[in-house]
Amino acid sequence: MEAYTKQVISIIQKIPLGTVATYGQIARLAGNPRAARQVARILHSMSQKYDLPWHRVVNAKGEIVIGDPETAIEQKYRLAEEGVEFFRQNKVKLVTFQWQPEELCLSAESSDLD
DNA sequence: CCGATGACCACCC
DNA sequence: CGGGTGGCCATCG
């Protein structure tokens, strides 16, 4: 398996319960800012083989963009179960629920913060 | 090899 | 906020 794919999977598994991440966000964390679509494809194909919280991933606008209506409904249902609220029909409140991966960002600054 | 496709994204109006 | 447009890039037939 490609390293990039592993990276994507590992990142998705770190998304905390009750929060959401965007495809582009994951692509950036994995090191390929332009690979949002590929992240989506990986999610689509791997979520069944691996145990991924695929429902915690939405597009940059916070919308559920899954093609298959049944799957989209399931995603919405699962997010609701975790306490994630919806804006309109299929939009989540990104400002409130988007994942802030601080664990992965620190080490950049800090040091002499105090 | 090439064109079409897609669980995307940024931009513009 | 919503809808259209061009760009991206791996997969597929």
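In what follows, chains carry the letters A, B, and so on, assigned in the order in which the sequence lines appear, proteins first and then strands, with residues in each chain numbered from 1.
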Worksheet item: When we call it a touch if two heavy atoms are under 4.0 Å apart, what does A:F87 touch: a base, just sugar-phosphate, or nothing?
Response: sugar-phosphate
Discussion item. So A:Q75 and A:I66, do their side chains get closer than 4.5 Å, heavy atoms only?
Written reply: yes
Fill in: Flag side-chain contact, heavy atom, 4.5 Å: A:H55 against A:E81
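The answer is no, as the side chains (C-beta and beyond) never meet within the 4.5 Å cut-off.
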Distance, nearest 0.5 Å, that separates [atom1] of [X] from [atom2] of [Y]:
{"X": "A:Q38", "Y": "A:T5", "atom1": "CD", "atom2": "OG1", "value": "10.0 Å"}
{"X": "A:R56", "Y": "A:R78", "atom1": "CZ", "atom2": "CZ", "value": "9.0 Å"}
{"X": "A:I12", "Y": "A:D51", "atom1": "CD1", "atom2": "CG", "value": "12.0 Å"}

Worksheet item: How does protein reach along nucleotides 1-13 of chain B, written 5' to 3' as B (base within reach of a heavy atom under 4.0 Å), S (only sugar-phosphate), or - (no contact)?
Response: -----BBBSS---
Separation of [N] [atom2] from [X] [atom1] (nearest whole Å):
{"X": "A:Y4", "N": "C:dT11", "atom1": "OH", "atom2": "P", "result": "11 Å"}
{"X": "A:N90", "N": "C:dC1", "atom1": "CG", "atom2": "C1'", "result": "13 Å"}
{"X": "A:Q89", "N": "C:dC1", "atom1": "CD", "atom2": "C1'", "result": "15 Å"}
{"X": "A:L94", "N": "C:dC1", "atom1": "CG", "atom2": "P", "result": "11 Å"}
{"X": "A:K91", "N": "C:dG2", "atom1": "NZ", "atom2": "C1'", "result": "7 Å"}

Worksheet item: Would one find more than 12 heavy atoms of other residues, nucleotides or ligands at under 6.0 Å from atom CG of A:D68?
Response: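 More than 12 within 6.0 Å, yes.
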